[in-house]
2 protein chains.
Amino acid sequence: MTITIKDIALKAGVSYSTVSKALNDSPLVKPITKNKILNIAKEMGYEPNFAAQRLVSKQSKVIGLIWPTLERIAHSTVVTQINEEISKNSYSMILSINSIKDSIEMFKRFQVDGIIVFDEKNQDALKDCSLPFVTYGVGKDKSFPVIDVNYQESMDITVKYLYSLGHRRIAYVGDFSPVDERQLEKYNAVRNSLNELGLPNTENMFHTGGLDWYDGYVATKRLLQSSFKPTAIIGSSYDISAGIIRALRESNIIIPKDISVISYDNIPQMANLEIPLTSVGVPIEEIAQCMVQTLLTIIQNKETTFIKTLKPIINERVSCAHVSIEVKR
Amino acid sequence: MTITIKDIALKAGVSYSTVSKALNDSPLVKPITKNKILNIAKEMGYEPNFAAQRLVSKQSKVIGLIWPTLERIAHSTVVTQINEEISKNSYSMILSINSIKDSIEMFKRFQVDGIIVFDEKNQDALKDCSLPFVTYGVGKDKSFPVIDVNYQESMDITVKYLYSLGHRRIAYVGDFSPVDERQLEKYNAVRNSLNELGLPNTENMFHTGGLDWYDGYVATKRLLQSSFKPTAIIGSSYDISAGIIRALRESNIIIPKDISVISYDNIPQMANLEIPLTSVGVPIEEIAQCMVQTLLTIIQNKETTFIKTLKPIINERVSCAHVSIEVKR
DNA sequence: TTGAAAGCGTTACCAG
DNA sequence: CTGGTAACGCTTTCAA
């Protein structure tokens, strides 16, 4: 038998509407009464019935996060940050690792106040999402709210950065699958930037066909056997770059002496790689903060379309160097 | 304006209790009426109000999972499995990455039917959890339901396996922090097993002081400089073992020619390491299945204490070999 | 086979 | 300041 406000009312000798008010810290209750009620409630181990509350007043103070691909480390870092940011705003977060469609349905049942979507693909399922939501990725051509992490500018400053260090033969290792919009965007961004500087942008692009470190490893092996001899490599993500490093090491190529490496994903873990990797991207704290603030705004104002473009920066560690005079490769 | 069963009733020209029955596929309503109502409901875009349903009938068909440490890869694999197993049983899963205490509170509000706990520490917070739950880890001295992954037997068969391959100088690289019961259990298990075979079990234990690959890397470096020259190393987890491999490689020690390595955590990703690693532990599919089946049983039967001990196995890949006659180290 | 009505535990409003 | 009461949307008897 769970105990309700009526039980409390009985014991306190007041009406249950008064109990309700007291519990909600309403100013309409005399402090003495309020305290008395609060004490009784605690002592009886009262726990409010969420369903009942929800039934009468909307707003659950919960936001849901959809995240079908657990294993990506860059994401888990952002998700952790988002969770903190949400707590800071006195909301709670629940997470679903199912498809967008299933997740939305579940979140609706729970009447979450808003949704954050972390799935790169299948965003079509969002078309008829009646709840406020934001997504993460690329904003181009989108009719719904997205926090654009600005791959184009990221790759732009990356290429220019390498260029300023004297690099002219720059390779890219990443996934170009047409199904994954985010990866594709990075790929195109690099090609654009390279092209603008009159650098090669075709034979130097190496397709990983996947996002695990191993995919980056294999692609780099291929790169090393190709005729394109880069002085610098751009890795498309944390995991991919881990593979790049390993492949390089296996061939006894020293970073940054023999080759420079820079990676997308501006996360602290880059410092823990075998070689602390210089990285580029919007700092995750900023991504997290922007996502929840935007969502909260949408929840309150009912604004519906919203594209916010963030500013990426380069985080210099030790993996990039000036091209040496006597380049051998 | 959301639409309710009353709206449907109005349109269908029946009472709303009939609509309720039809929606719940009750046999008490004539098929024709039922179909008509169902059609109208779909056409009006009806969505049941979960809170209202919850208010009247208990049972949410949702189970919550508490998992405060996102980054551990072995865990994310199990969590994914668990999610699938839960779906198979036509439940849904939501995930919280907050502390046990906060998570329980939130899950209570959502009236989940049960909870799976994945946090190694702070299990005290479970003492007064009124909802059905199971935990994962070590069952000794526990007064609540736990799926025991049997570290003792894991380490037992590991040590015996290495012994049978001729190894006599076996090192262990892992975390011994007294705060993390699971790690401590592995540590003690190894020492026991080693002791039983009369092998050294003190100077060959290397403390990582953390669970990231880097911690394993550093500890292995230390190991290599110590006077204990092992022919085999046991790594305490996937991440730790990744660090071991890297440290070994840096010193040009070849696995398994120069040294054998075996790792705890029986997960498929072991095959993707630089050297496909022989590993030990209960297969994750089995862990996942056991956890949700047990929880479901508890939910139905209201059993409350329950310790289930699983059977670990060794998954041979290529990282362990017979000790060679001319051992050099 | 259908309908009426009584809750489920809260909140919010209106009287007192 | 406090109490009474009407919702909130649904399930579930109990009668018809």
Side-chain angles (χ1 to χ4, degrees), chain A residues 1-42 44-62 105 108-113 130, chain B residues 1-42 44-62 105-106 108-113 130-131:
Chain A
M1 227 329 276
T2 66
I3 95 157
T4 75
I5 53 173
K6 290 190 180 173
D7 301 319
I8 300 178
L10 209 64
K11 195 151 191 173
V14 296
S15 77
Y16 70 87
S17 58
T18 305
V19 174
S20 172
K21 283 170 202 150
L23 257 21
N24 289 297
D25 200 29
S26 154
L28 299 177
V29 181
K30 220 192 323 193
I32 313 165
T33 339
K34 192 184 290 182
N35 275 328
K36 183 171 148 202
I37 293 175
L38 257 30
N39 285 334
I40 294 184
K42 179 167 297 178
M44 295 181 80
Y46 168 75
E47 283 175 3
N49 182 316
F50 193 61
Q53 288 178 326
R54 210 74 313 94
L55 188 54
V56 35
S57 78
K58 300 309 188 198
Q59 174 146 260
S60 59
K61 283 290 191 178
V62 173
E105 198 193 338
K108 264 186 189 160
R109 298 201 326 232
F110 281 135
Q111 299 183 231
V112 303
D113 292 342
S130 51
Chain B
M1 223 338 270
T2 66
I3 91 158
T4 75
I5 52 172
K6 289 190 181 174
D7 301 320
I8 301 178
L10 208 64
K11 195 153 193 172
V14 296
S15 80
Y16 68 88
S17 58
T18 305
V19 174
S20 172
K21 284 169 200 151
L23 258 20
N24 289 299
D25 200 30
S26 158
L28 298 178
V29 32
K30 217 186 335 190
I32 315 163
T33 340
K34 194 185 287 184
N35 275 328
K36 181 171 150 202
I37 293 177
L38 257 29
N39 285 334
I40 295 184
K42 180 168 295 181
M44 294 181 80
Y46 169 75
E47 284 173 4
N49 183 315
F50 192 61
Q53 288 178 324
R54 208 72 316 92
L55 190 55
V56 35
S57 77
K58 298 313 188 195
Q59 173 143 258
S60 58
K61 284 288 193 180
V62 172
E105 198 195 338
M106 187 169 62
K108 264 186 189 160
R109 298 201 324 228
F110 281 134
Q111 298 180 230
V112 302
D113 291 342
S130 50
L131 266 43

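Just so it is clear: chains get the letters A, B, ... in the order the sequence lines come, proteins before strands, and each one is counted from 1. These figures come from a predicted structure and were not determined experimentally.
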Proximity to DNA chain D (any heavy atom under 4.0 Å), residues of residues 34-42 of chain A only: none

If every non-hydrogen atom of [X] is compared with every non-hydrogen atom of [Y], which pair is closest and at what distance?
| X | Y | value |
| --- | --- | --- |
| B:Leu38 | B:Ala22 | CD1-O, 3.8 Å |
| B:Ser130 | B:Lys108 | OG-CE, 3.1 Å |
| B:Ala12 | B:Lys36 | O-NZ, 3.2 Å |
| B:Tyr46 | B:Leu23 | CE2-CD2, 3.6 Å |

When you measure from the side chain of A:Asp7 to the backbone of A:Thr4, do you find a donor-acceptor pair of N or O atoms at a distance under 3.5 Å? yes

Backbone N/O of A:Ala51 and side chain of A:Asn49: donor-acceptor pair under 3.5 Å: yes

Rounded to the nearest 0.5 Å, what's the gap from CZ on A:Arg54 to NZ on A:Lys61? Could you check?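 Spacing of CZ (A:Arg54) from NZ (A:Lys61) equals 11.0 Å.
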
What string of B, S and - do you get for nucleotides 10-16 of chain D, 5' to 3', when a contact is any protein heavy atom under 4.0 Å? BBBB---

For residues B:Ser17 and B:Ser20, is any side-chain donor paired with an opposing acceptor at under 3.5 Å? no

To the nearest Å, how far apart are [X] [atom1] and [N] [atom2]?
| X | N | atom1 | atom2 | result |
| --- | --- | --- | --- | --- |
| B:Leu10 | C:dT2 | CG | P | 17 Å |
| A:Ile32 | D:dT2 | CD1 | P | 8 Å |
| B:Ile8 | C:dG3 | CD1 | C1' | 17 Å |
| B:Arg54 | C:dG7 | CZ | C1' | 16 Å |

Closest to the side chain of A:Pro31, out of D:dT2, D:dC1, C:dG3, is D:dC1

Can you list the residues that meet the side chain to side chain contact (heavy atoms under 4.5 Å, CB included) rule with A:Thr33, with sequence neighbours excluded?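 If we apply the side chain to side chain contact (heavy atoms under 4.5 Å, CB included) test to A:Thr33, skipping adjacent residues, the hits are A:Val14, A:Val29, A:Lys30, A:Ile37.
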
Measure the angle between the two terminal helix axes of the helix from C:dT1-D:dA16 to C:dG16-D:dC1, five base pairs each, and quote it to 10°.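 Helix axis angle between the two ends: 40°.
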
Salt bridge (Lys or Arg N to Asp or Glu O under 4.0 Å) partners of residues 8-26 of chain B, not counting sequence neighbours, each pair once: B:Asp25-B:Lys34

With nearest nucleotide decided by heavy atoms, which residue, A:Val29 or B:Leu55, maps closer to the 5′ end of DNA chain D?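 Its nearest nucleotide being more 5', the pick is A:Val29.
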
B:Phe50: which residues meet the ring pair (Phe, Tyr, Trp, His ring centres under 6.0 Å) condition with it, sequence neighbours left out? A:Phe110

